[in-house]
Amino acid sequence: MDPLESDGNGAAGDPLPPPPPLPLNVVPIKAESEPAKKKTARVPMARRGLGSKGQKVSVLTNHFKVNVGNVDGHFYHYSISLSYEDGRPVDGKGVGRKVIDRLHETYSSELAGKDFAYDGEKSLFTVGPLPDNKNEFMVVLEDVTSNRNNGNANGHDSPNENDRKRLRRPYQSKTFLVAISFAAKIPMQAIQNALHGQESENSQEALRVLDIILRQNAAKQGCLLVRQSFFQNDPANFVPIGGGVLGCRGFHSSFRTSQGGLSLNIDVSTTMIIQPGPVVDFLISNQNARDPFSLDWSKAKRVLKNLRIKVIPSNQEHKITGLSKQICREQMFSMKQKSKTSDGEAETLDITVYDYFVNHRNIQLQYSGDLPCINVGKPKRPTYIPIEALRNSNYGADPMLRSCGVSISSSFTQVEGRVLPAPKLKMGNGEELFPRNGRWNFNNKKFMEPTKIERWAVVNFSARCDVRRLVQDLTRCAHMKGIRIDPPFDVFEESNQNRRLSPVLRVEKMFDDIQSKLPGAPQFLLCLLPERKNSDHYGPWKRKHLAEFDIVTQCMSPTPRINDQYLTNLLLKINAKLGGLCSMLAIERTPALPVVSKLPTIILGMDVSHGSPGHSDVPSIAAVVSSRQWPSISRYRASVRTQSPKVEMIDSLFKRVSEKEDDGIIRELLLDFYTSSGKRKPDQIIIFRDGVSESQFNQVLNVELDQIIEACKFLDENWDPKFVVIVAQKNHHTKFFLQNSPDNVQPGTVIDNKICHPKNNDFYLCAHAGMIGTTRPTHYHVLLDQIGFSPDDLQELVHSLSYVYQRSTTAISVVAPICYAHLAAAQLGTYMKFEDASETSSSHGGVTAPGAVPVPQLPKLKEKVCSSMFFC
């Protein structure tokens with residue numbers, strides 16, 4: 001109310017007096033706004049109980065019980081610094097263990113006779129303290145010829161100057177300085193606390209120490225260490241797998257906290273190593289070439305990058321960084337001379353790598369002169385070596401475990417599991433069936449919702465095939481499954497003159513031919529490829545029809561004998577891509593799915609696909625699939641984006657581009673659910689996330705989930721759906737076995753006790769029937785459940801989602817939404833394979849965070865294929 005207006009009784013109010021003047025020595029203080037409330041970080045939820053449904057079964061698992069007797073003791077963590085006598089740091093990892101072993105032998109009394117656990121890099125652990133918190137020791141190794149090259153490449157000579165000095169005296173002793181300094185004290189009680197659900201940084205460190213002790217034990221036995229796995233150098237463990245590569249069998253080991261106490265998880269592991277021998281022999285075998293002069297050196301460069309080799313005769317180890325641009329006879333470098341210029345600088349002599357090794361090193365080279373050199377230096381400071389002068393490198397009763405009171409059982413752990421019944425499936429013509437042993441078939445049965453194929457054609461990229469016979473058999477088989485299929489409009493055969501063109505041009509020419517002859521856009525194209533795997537045509541072909549022409553296609557590589565089973569599997573994919581449904585859960589139609597059928601629910605599957613190892617510049621591809629047409633949980637669509645290489649967290653779930661526009665993945669999927677589900681927004685959002693480790697769970701809960709919530713609020717700020725977040729892990733080492741039987745556990749076997757987390761909500765489910773070897777279960781971690789599923793209802797939903805995969809007639813090992821996300825990411829990832837490497841540069845679009853390398857964006861999918869199951 002204005003102070004000059006009359007008050008409620010009709011009397012005029014008196015004006016407020018002016019504020020008093022401030023004293024000269026007083027400075028006014030600005031009132032601070034109320035601090036924003038700090039957001040509480042989400043953490044993985046605790047277990048609410050155990051499931052009870054299903055037939056009880058006793059199984060064995062590859063976990064071995066561990067007893068920890070000395071819970072009152074402490075591990076002491078010390079930082080290690082290794083350097084040469086002249087102060088240069090030791091960069092190579094291989095020499096570290098030898099130095100520390102010699103330190104332990106030489107200075108045992110000064111170190112109070114303590115046993116060490118050394119991680120091979122910069123950390124050392126003991127049980128109890130060393131006499132001094134800080135100390136330095138001098139260690140001498142008599143023979144370090146097998147160690148990696150630890151010199152600093154200067155780039156002006158080839159080999160560099162430091163290397164040459166050492167090469168003249170390869171068998172000399174070498175002196176190292178070892179600095180040890182106290183870093184932390186880790187109570188062993190932390191392990192006991194973790195078993196009671198009180199995990200902390202100390203408990204993780206204590207378990208890490210136990211893992212390091214086992215790795216050190218393996219290293220002392222001469223094993224090759226690869227992360228948590230170790231491999232013995234025993235020819236009996238090597239299996240040739242072709243291309244100059246050996247498969248090497250070994251073991252994985254890791255300590256785990258569980259409901260049943262501490263356990264040691266041991267599993268069979270396999271890695272690949274290069275066949276020991278001359279590098280050129282490996283390349284000939286790898287490329288199946290006749291001789292060194294028939295090699296494809298562009299392929300050789302990719303294969304050799306980052307491999308470790310030894311130089312003959314010095315035995316020095318190096319890591320390959322690339323190849324020379326010129327052959328050995330022509331590749332020049334500047335070699336420093338003993339004489340000096342008038343300025344006091346060392347004179348240099350331009351010489352070829354070939355002349356240097358033959359005339360200055362007296363190494364006879366038989367064929368390397370006409371081949372590229374191996375670069376073991378840095379790109380700007382190369383160090384060239386002839387390929388002929390190289391060879392590939394060959395690579396519980398621990399006293400320290402006893403000293404900390406740790407004993408490990410030698411018997412498998414027995415756990416109680418339950419076998420969930422398979423869900424009833426619905427086929428065409430009202431037929432229903434229960435899968436047996438996780439399998440079913442379509443013999444004398446029709447698809448649940450068969451599609452119609454009216455306008456279609458066959459495209460043949462020079463595949464050897466009787467196309468007329470194939471079309472007849474496919475049409476006959478389709479009719480048996482209920483699919484009405486008209487005769488194809490035409491068969492487009494690739495002309496002989498186009499076969500020598502690049503894959504991209506061959507696809508372009510084929511599409512020109514199709515467009516010139518077809519009266520209109522086809523509904524479907526069947527593409528015949530000549531190669532069974534990794535066809536160079538696949539990526540360009542998929543890009544063309546998904547991003548440019550909005551056409552559904554199915555690729556196949558015809559075999560000499562195509563039977564009805566092959567054609568049925570092909571039709572499963574075609575039917576799903578064209579909007580049909582091969583089978584579905586009977587309870588989807590009722591609808592009677594626990595919790596999911598009661599309120600509109602969308603199910604998301606999320607995965608990120610990364611480039612192959614060694615290709616650090618290839619963008620990662622994030623894919624999210626979503627269920628549609630609620631209450632169905634058998635139909636899905638996908639949304640895919642690129643993101644920075646090797647980044648696991650999806651950064652495009654919510655992508656605000658203006659005040660009213662969100663270009664993120666989730667908005668696209670939510671709008672599709674709304675339109676396909678009778679204009680209903682989902683009240684419940686169930687998220688299945690693949691490909692993340694335990695260390696990334698908090699990021700899923702606090703980074704990715706926040707983006708999804710933002711996307712929901714951006715559509716409707718009053719919308720408040722409930723969330724369930726579940727991580728599925730296949731990359732683990734827990735396996736289950738039946739007692740006194742070689743058979744695999746039954747499909748539907750679930751375990752949520754004893755070997756599961758002592759506090760968090762997780763369970764193992766083996767939904768599928770293993771065909772070869774030991775079945776690997778999927779480890780599901782329930783990070784968040786705002787809906788309030790009972791353990792039985794949630795396990796039943798997860799189990800049911802293993803039976804809605806439209807591409808097969810078997811239960812699959814992980815829920816279908818995750819498999820679809822993986823397929824979508826992999827299929828669109830083929831786009832990146834045939835892009836020129838220069839397209840990842842800043843001149844080719846894509847926006848990322850400031851300072852980051854711009855990421856090329858995938859071409860936008862056309863509307864019709866975008867809402868289809870094109871990824872099937």
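These values consider heavy atoms only, across backbone and side chains, with no hydrogens, waters or symmetry-generated copies.
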Sort out for me which residue in Leu525, Leu529, Leu526 forms a side chain to side chain contact (heavy atoms under 4.5 Å, CB included) with Cys555.
Leu529
Correct closest heavy-atom pair for Trp456 and Asp486 would be NE1-O, 2.5 Å
Less than 4.0 Å between a side-chain N and a carboxylate O, is that true for Asp672 and Arg637?
yes
Between Ser627 and Tyr636, is there a donor-acceptor pair closer than 3.5 Å when you use the side chain of the first and the backbone of the second?
no
Flag side-chain contact, heavy atom, 4.5 Å: Ile818 against Asp607:
no
Is it true that, when you exclude Lys730 itself, more than 12 heavy atoms of the residues, nucleotides or ligands shown sit nearer than 6.0 Å to its NZ?
yes
Could you tell me whether the side chains of Thr553 and His545 share a donor-acceptor contact shorter than 3.5 Å?
yes
I'd like to know if Asp564 pairs up with Arg476 as an ion pair, taking the criterion as any Lys NZ or Arg NE/NH1/NH2 lying under 4.0 Å from an Asp or Glu carboxylate oxygen.
yes
Counting only heavy atoms not in Lys713, do more than 12 sit closer than 6.0 Å to its NZ atom?
yes
With a 4.5 Å cut-off on side-chain heavy atoms, are Tyr780 and Asp762 touching?
no
Could you tell me whether Arg641 and Glu668 have a side-chain N and a carboxylate O separated by less than 4.0 Å?
yes
Main-chain N/O of Glu508 paired with Lys544 side-chain donor or acceptor, under 3.5 Å:
no
Could you check whether atom NE2 of His779 has more than 12 heavy atoms from other residues, nucleotides or ligands sitting under 6.0 Å from it?
yes
Considering all heavy atoms of both residues, which atom of Met606 and which atom of Ile708 are nearest to each other, and what is their separation?
SD-CD1, 4.3 Å
Report the residue from Gln629, Arg628, Glu588 that forms a side chain to side chain donor-acceptor pair (under 3.5 Å) with Ser634.
Glu588
Output yes when Lys509 and Asp512 qualify as a salt bridge under the 4.0 Å nitrogen-oxygen rule, no when they do not.
no
State whether the side chain of Lys542 and the backbone N or O of Leu828 hold a donor-acceptor pair below 3.5 Å, judged by distance alone.
no
Would you say NZ of Lys722 has more than 12 non-hydrogen atoms from neighbouring residues, nucleotides or ligands within 6.0 angstrom?
no
In Å, rounded to the nearest 0.5 Å, how long is the span from CG of Leu593 to CG of Leu797?
7.0 Å
Leu715 versus Cys712: any side-chain heavy-atom pair under 4.5 Å?
no
For Leu604, is there any backbone N or O sitting under 3.5 Å from a side-chain donor or acceptor partner on Ser626?
no
State plainly whether the residues Arg506 and Glu494 are in salt-bridge range, i.e. N to O under 4.0 Å.
yes
Would you indicate whether the side-chain heavy atoms of Leu470 and Met556 approach each other to under 4.5 Å?
yes
Is Arg589 paired with Glu432 through a side-chain N to carboxylate O contact shorter than 4.0 Å?
no
Between Ser620 and Gln643, is a side chain to side chain donor-acceptor pair (under 3.5 Å) present by the stated rule, with each step listed?
CA-CA 5 Å; Ser620 294; Gln643 60 185 39; 5.5 Å; no
Just checking, is any N or O donor in the side chain of Gln795 or Lys53 under 3.5 Å from an acceptor N or O on the other one?
no
For the residue pair Tyr820 and Tyr805, is the inter-centroid distance of their aromatic rings smaller than 6.0 Å?
yes
Do Phe511 and Trp541 have ring centres separated by under 6.0 Å?
yes
Under 4.0 Å between a side-chain nitrogen and a carboxylate oxygen: does that hold for Lys681 and Asp716?
yes
Test log, rule salt bridge (Lys or Arg N to Asp or Glu O under 4.0 Å), inputs Arg656 and Glu710:
CA-CA 10 Å; Arg656 187 171 183 165; Glu710 279 189 88; over 6 Å; no
Do any pairs count as a salt bridge (charged side-chain N to carboxylate O under 4.0 Å, His left out) and have a residue in residues 857-872, sequence neighbours left out, and if so which ones?
none
